[in-house]
Amino acid sequence: MSRARAAGPSTPPPDPKTTGGGPATLPQARGVRLRYWEPSDAPTVLGAFATAEMARQSGRPVTTLAEAAGWITDRRTAREAGREFSFAVLGPGRPGPGDADPGRLLGNVTVGAVDPVHQTGWISYWTLASARGRGVATTGLRALADWAFTELGLFRLELGHRTDNPTSCAVARRAGFTVEGLERARLRYGDRRYDVERHARLATDETAELPREG
């Protein structure tokens, strides 16, 4: 069993050196590499939001390279304001046993709605279709959670997924996020409303070393 570093109301958030508006220390994970989004990533962002499933979760249209560049700019702006930290998940940059697509962009993990008073944050994540089923989301999410507890001084991380999305649920569970309840008709896409299952992970939760799947 492993335990994330505990934080609590009496523990002030760290004051790390920053780069590009965010902590210089980045999340660390075996088999993938996490970094802040860069302008050159726009073509990958455009491709990621090309599907209907992704497009409806983008918050605003991402249908051109200019809009994809705007999405990346929004991530930096939010980071500089201290309210959101989004990371591109890539292959590690050099081939090795079990490593996924060295150096290639695979997905995204984000901690947003950062509240330094209550030490909380909201988690989201996605992977490219070509990267699914190999542990990318689970590995990135676990690394992000550990980073948020240590570098941002957060205590509670929350996430939610539609109840008809068992894959996202599996990722959350494998990353140590406990199911806490159901939010009825929480989301609306088109003319349909969806129930959402809420998960959370605390800095004091014990998390087992879980398999890299999902």
*Cation over ring face, Arg79 and Phe85, 6.0 Å, 45°*: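 No cation-pi geometry.
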*Between Arg76 and Tyr36, is NZ or CZ placed under 6.0 angstrom from the six-membered ring centre and within 45° of the ring axis?*
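No; the conditions do not both hold, so Arg76 does not lie above the ring face of Tyr36.
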What is the distance from atom [atom1] of [X] to atom [atom2] of [Y], rounded to the nearest 0.5 Å?
X      : Y      : atom1 : atom2 : value
Phe177 : Cys169 : CZ    : SG    : 12.5 Å
Thr178 : Leu202 : OG1   : CG    : 7.5 Å
Arg174 : Thr138 : CZ    : OG1   : 4.5 Å
Asn108 : Leu144 : CG    : CG    : 9.0 Å

Would you say [X]'s side chain and [Y]'s backbone share a donor-acceptor pair under 3.5 angstrom?
X      : Y      : answer
Glu183 : Gly181 : no
Arg134 : Ser130 : yes
Asp41  : Thr44  : no

Nearest atoms (heavy-atom pairs only) where [X] meets [Y]:
X      : Y      : answer
Ala42  : Ile72  : N-CD1, 3.5 Å
Leu105 : Ala88  : CD2-CB, 3.3 Å
Gly82  : Val114 : O-CB, 3.7 Å
Thr139 : Arg30  : CG2-O, 3.6 Å
Ala172 : Leu159 : CB-CD1, 3.8 Å
Thr127 : Val136 : CG2-CG1, 3.8 Å

Do you reckon [X] sits in the same ILVMFWY cluster as [Y], going by side-chain contacts under 4.5 Å, direct or chained?
X      : Y      : result
Val171 : Leu187 : no
Val196 : Tyr189 : yes
Tyr194 : Met54  : no
Trp37  : Trp122 : no

Sub-4.5 Å side-chain heavy-atom contact between [X] and [Y]:
X      : Y      : answer
Val89  : Tyr125 : no
Asp195 : Asp164 : no
Leu26  : Leu34  : no
Leu152 : Trp147 : yes
Leu157 : Val111 : yes
Phe155 : Thr204 : yes

*asked:* Name the residue from Arg173, Glu158, His161, Glu180 that meets the side chain to side chain donor-acceptor pair (under 3.5 Å) definition with His199.
replied: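 Going through the options one by one, the only one that passes is His161.
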*Side-chain donor-acceptor contact under 3.5 Å, Thr163 with Asn165*: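 Note: Thr163 and Asn165 side chains miss the donor-acceptor criterion.
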*Test side chain to side chain contact (heavy atoms under 4.5 Å, CB included) on Leu90 and Arg35 and set out the steps.*
CA-CA 8 Å; Leu90 298 84; Arg35 63 161 169 76; 3.8 Å; yes
Is [X] salt-bridged to [Y], going by a charged N under 4.0 Å from an acidic O?
X      : Y      : result
Arg201 : Asp146 : yes
Asp74  : Arg60  : yes
Arg132 : Glu53  : no

*Mind checking what makes side chain to side chain contact (heavy atoms under 4.5 Å, CB included) contact with Arg193, not counting sequence neighbours?*
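So Arg193 forms a side chain to side chain contact (heavy atoms under 4.5 Å, CB included) with Ala185, Arg188.
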*Trace of the side chain to side chain contact (heavy atoms under 4.5 Å, CB included) decision for Leu128 with Arg104*: CA-CA 11 Å; Leu128 298 176; Arg104 190 171 71 84; 4.3 Å; yes
*When you look at Thr110 and Trp126, which way does the side chain to side chain contact (heavy atoms under 4.5 Å, CB included) test go after all the steps?*
CA-CA 9 Å; Thr110 294; Trp126 51 262; over 6 Å; no
*Return yes when atom CZ of Arg162 has more than 12 non-hydrogen atoms of other residues, nucleotides or ligands closer than 6.0 Å, and no otherwise.*
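Yes, CZ of Arg162 has more than 12 neighbouring heavy atoms, counting only those of other groups under 6.0 Å.
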*Step by step, work out the side chain to side chain contact (heavy atoms under 4.5 Å, CB included) result for Arg156 and Gln119.*
CA-CA 6 Å; Arg156 175 182 168 88; Gln119 297 174 284; over 6 Å; no
*Could you list who else is in Leu46's hydrophobic cluster, with ILVMFWY side chains joined at under 4.5 Å, directly or through other members?*
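Noted: Leu46 shares its cluster with Leu65.
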